[in-house]
**Q** 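Got a structure here, written out as structure tokens. Questions coming.
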Amino acid sequence: MKQWRVNMSKKTYYITTPIYYPSDKLHIGHSYTTVAADAMARYKRLRGYDVKFLTGTDEHGQKIERIAKQKGMTPKAYVDSIVTWIKELWKIMNISYDTFIRTTDDYHEKTVQKIFKKLYEKGDIYKSSYEGWYCTPCETFFTERQLKDGKCPDCGREVEKVKEESYFFRLSKYQDRLIEYIESHPEFIQPQTRQNEMINNFLKPGLEDLCVSRTSFKWGIPVEFDPGHVVYVWVDALSNYISALGYMSENDEEYKKYWPADVHLVGKEIVRFHTIIWPALLMALDEPLPRQVFGHGWLVIDGGKMSKSKGNVVDPKVLVDRYGSDAIRYFLLREVAFGQDGNFTNEALIQRINSDLANDFGNLLSRTVAMVDKYFNGTLPLSRKATAYDEELKNLARETVTKVEEYMEKLLFSDALTEIWNLIRRANKYIDETQPWVLAKDEEKKDELANVLYNLGEILRIVSIIVEPFMPTTPRKVWEQLSLCEGENTTWDSAKTWGSLPQDFTVKKGEILFPRIDMKVELEALEAAQNKAREESVAKAEEKKEEKEEQQVTEYISIDDFAKLDLRVGEVIQCEKVEKADKLLKSQIKIGNEVRQIVSGIAKYYTPEEMVGKKVIVVCNLKPVKLRGILSEGMILAASDENGNLVLASTDKDIESGAKVK
């Protein structure tokens, strides 16, 4: 198996989130994963790495097809609206992704088709038939023994009995190789509990070959050499991690540069897809495996997973609108040990804002700035005199940066933030120990007072740097009040050196970083805001449905309008694909004694072989046009449903070509 990366002047770091399924708007649990990935990406950039941060959406599958149909929309139109919402969410949460991939992107679809074909030609994909249980919401197949009380073991919903012709991936072929790899690479699956689960619950009991195509719906990537099949959504989705880098494309420089991924961040419910199916596919492709898959826990409410069906989802936009993105990011990464489940409550959120952000961090800044302003007219003098408490504070500052680095490398975000807040609280204690208000009363102790305030300013400088991955907008607010510009004394390395703050720094009073919140009043207001958001979401959905219904009202034409159309029966005598055009077929059609060339966008639904011999309805008096430089002399009529499925219009009995349609 290949293991390489292109030699570069800067170390690379490739981190991914799962690509989210846009069956509905995302909730705070989805934000949890993305905020964690963003914190890691920002941290690595601060450390000088060339970072690639990938996120996106997984847009195919039967579930999307059904939801779109219920809403009277095409699947693409439906997912477009959700993707727009997701991108807006990531913008307001300051997510610094480098690439946003959609599985409906043309380049991704082409890569998936190439991967599928390569595995088929290698013999790792073969054609057979499938009969078993399928959970549409999870887009997952299960055997009888995997079901829990006859229902999906993951989401608890009803499953469907499915029987259809399918292609299969020889997953069982890689069982022993997967076990050997996982056991010899203990860092591959984290936390450790996830590794034990994968080996004991899935690998050792035995793997079955995996169904990797479907024929019972159309919303997916067509199998290039068998258009009646679409690629199973998990093969489609998992391939995004390499298609986004240009794998199997004309330009694969990013693939050579960033692959293998340093870490895939995923929720615990999809760990098995990423640690069994995905590495097996990569082994079959003879490509390197990602260095690590980290399966974190869930944010739960009252002990249960958030879901729209339960009515307990939390809209992150509502929270950001009220408290700002930094406060929400801090809460998500501080409240729960990454890897474990954690309970989300409005009370816990407000408590963190009041205690950690307002009382600890915000108070340290406001007190320091106020004292420099009051005792030294805003600018510290250069003369200093040490106190008995200085060295302990300085040593803790140095140790904190080191500990934060150690925890971040292990994705232990909560532990890293705990260390930062230990330093903040120690600085607040330092104020109580040195009592600047007492020192200010004695002119002979002004040098000692200046020393104390400098040390507090230096702690704020260091904290502002190492907290930036978690809270990207807050540092600049701190720097502004300390008269710091982004530069040498705001780099990560500068946080390791005590004394980088200018000795005679000047303060500028600014806004309160995090105002305190009245718990009782705010809880009532927050609950009302969340309920309003849910109601508006329902109302908008109904409004869109009504608009769609209005648009579908028939616009009548007269018999004279219809008479202008020259519709005739044509027989396809020759057909071929248009080169470099995935959707186009070029047909030679006999219409009476005439043969016409017509280009049609039907290649996803009919092969050239299927077209030859068909009787079709042709619009003969349509103005000729050129498509991809090819002359098209008319149009073949077809019908399509709301899911995008297309069927050619024809006659119910055989009739000679050239017959007029009346």
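In what follows, residues are counted from 1 in the order of the sequence shown.
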**Q** Are Thr418 and Ile420 close enough that some pair of their side-chain heavy atoms sits under 4.5 Å apart?
**A** no

**Q** If the threshold is 4.0 Å, N to carboxylate O, is there a salt bridge linking Lys76 and Glu59?
**A** no

**Q** How close do Leu265 and Pro18 get, heavy atom to heavy atom, and via which atoms?
**A** O-CD, 2.8 Å

**Q** Any non-hydrogen side-chain atom of Ile28 less than 4.5 Å from a side-chain atom of Ile328?
**A** yes

**Q** Before accepting this row, confirm whether a basic side-chain N of the pair Glu187/Arg291 lies closer than 4.0 Å to the acidic partner's carboxylate O.
**A** no

**Q** Counting the benzene-type ring for Trp, do Phe142 and Trp133 have ring centres under 6.0 Å apart?
**A** no

**Q** Taking the six-membered ring for Trp, are Tyr255 and Tyr247 ring centroids under 6.0 Å apart?
**A** yes

**Q** Evaluate side-chain hydrogen bond (donor to acceptor under 3.5 Å, both in side chains) for His274 paired with Tyr241, printing each intermediate quantity in order.
**A** CA-CA 11 Å; His274 287 78; Tyr241 300 125; 2.7 Å; yes

**Q** Are more than 12 heavy atoms from other residues, nucleotides or ligands located less than 6.0 Å from atom OH of Tyr97?
**A** yes

**Q** Are Gln113 and Val223 packed together at the side-chain level, in the sense that at least one heavy-atom pair is separated by less than 4.5 angstrom?
**A** no

**Q** I want to check something: taking the side chain as every heavy atom from C-beta on, are Trp278 and Pro290 in contact at a cut-off of under 4.5 Å?
**A** yes

**Q** Among all residues two or more places apart in sequence or in another chain, which pass the side chain to side chain contact (heavy atoms under 4.5 Å, CB included) test with Ile179?
**A** Gln175, Glu183, Leu203, Lys204

**Q** Is it the case that more than 12 heavy atoms not belonging to Asn200 sit under 6.0 Å from its CG atom?
**A** yes

**Q** Can Arg66 and Glu160 be counted as an ion pair, charged N to O under 4.0 angstrom?
**A** yes

**Q** Examine the side chains of Asp58 and Tyr20 and answer whether a donor and an acceptor come within less than 3.5 Å of each other.
**A** no

**Q** Going by atom types only, do Thr12 and Asp50 share a side-chain donor-acceptor pair under 3.5 Å?
**A** no

**Q** Can you tell me if Ser96 and Arg45 form a side-chain donor-acceptor pair at under 3.5 Å?
**A** yes

**Q** Salt-bridged, Glu65 to Lys218, with N to O below 4.0 Å?
**A** no

**Q** Any carboxylate oxygen within less than 4.0 angstrom of a Lys/Arg side-chain nitrogen, looking at Asp341 and Lys268?
**A** yes

**Q** Indicate the ring-plane relationship of Trp219 and His60, choosing parallel, tilted or perpendicular according to the 30° and 60° boundaries.
**A** perpendicular

**Q** If the plane angle is over 60° it's perpendicular, under 30° parallel, otherwise tilted; pick one for His296 and Tyr32.
**A** perpendicular

**Q** Less than 4.0 angstrom from a charged side-chain N to a carboxylate O is my criterion; do Arg102 and Asp80 meet it?
**A** yes

**Q** Would one find more than 12 heavy atoms of other residues, nucleotides or ligands at under 6.0 Å from atom NZ of Lys410?
**A** no

**Q** May I ask you to decide whether Glu468 forms a salt bridge with Arg42, counting only side-chain N to carboxylate O separations under 4.0 Å?
**A** no

**Q** Got more than 12 heavy atoms from elsewhere within 6.0 Å of NZ, Lys91?
**A** no

**Q** Would you say the side-chain atoms of His185 pair up with the backbone N or O of Tyr181, donor to acceptor, closer than 3.5 Å?
**A** yes

**Q** Do other residues, nucleotides or ligands put more than 12 heavy atoms under 6.0 Å from the NZ atom of Lys117?
**A** no

**Q** Are Phe100 and Val83 side-chain neighbours, meaning at least one heavy-atom pair lies under 4.5 Å?
**A** yes

**Q** How long is the gap from CD1 on Ile466 to CE on Met408, to the nearest 0.5 Å?
**A** 10.5 Å

**Q** CD1 of Ile353 to CG of Asp326: how many Å apart, nearest 0.5 Å?
**A** 11.0 Å

**Q** State, without any angle test, whether His108 and Ser243 hold a side-chain donor-acceptor pair at a distance under 3.5 Å.
**A** yes

**Q** Is there a donor in the side chain of Glu405 and an acceptor in the side chain of Trp492, or the other way round, less than 3.5 Å apart?
**A** yes

**Q** I'd like to know if Lys110 and Asp106 make a salt bridge, using a cut-off of under 4.0 Å between side-chain N and carboxylate O.
**A** no

**Q** Between Arg47 and Tyr43, does any side-chain donor sit less than 3.5 Å from a side-chain acceptor?
**A** yes

**Q** Using the rule side chain to side chain contact (heavy atoms under 4.5 Å, CB included), only one of His264, Gln190, Met198 pairs with Val271; which is it?
**A** Met198

**Q** Return the minimal non-hydrogen interatomic distance between Asp124 and Ala284, and the atom names on each side.
**A** OD2-CB, 3.3 Å

**Q** Tell me if the aromatic rings of Phe344 and Phe331 count as close, with their centers under 6.0 Å from one another.
**A** yes

**Q** Is the shortest side-chain heavy-atom distance between Phe116 and Tyr167 below 4.5 Å?
**A** yes

**Q** Could you tell me if Thr400 and Glu419 have a donor-acceptor pair between their side chains, going purely by distance under 3.5 Å?
**A** no

**Q** For the residue pair Phe169 and Trp234, is the inter-centroid distance of their aromatic rings smaller than 6.0 Å?
**A** no

**Q** Can you confirm whether the side chains of His229 and Ser166 place a donor and an acceptor under 3.5 Å from each other?
**A** no

**Q** Taking it one step at a time, do Glu522 and Tyr323 satisfy side-chain hydrogen bond (donor to acceptor under 3.5 Å, both in side chains)?
**A** CA-CA 11 Å; Glu522 184 61 19; Tyr323 312 116; 2.5 Å; yes

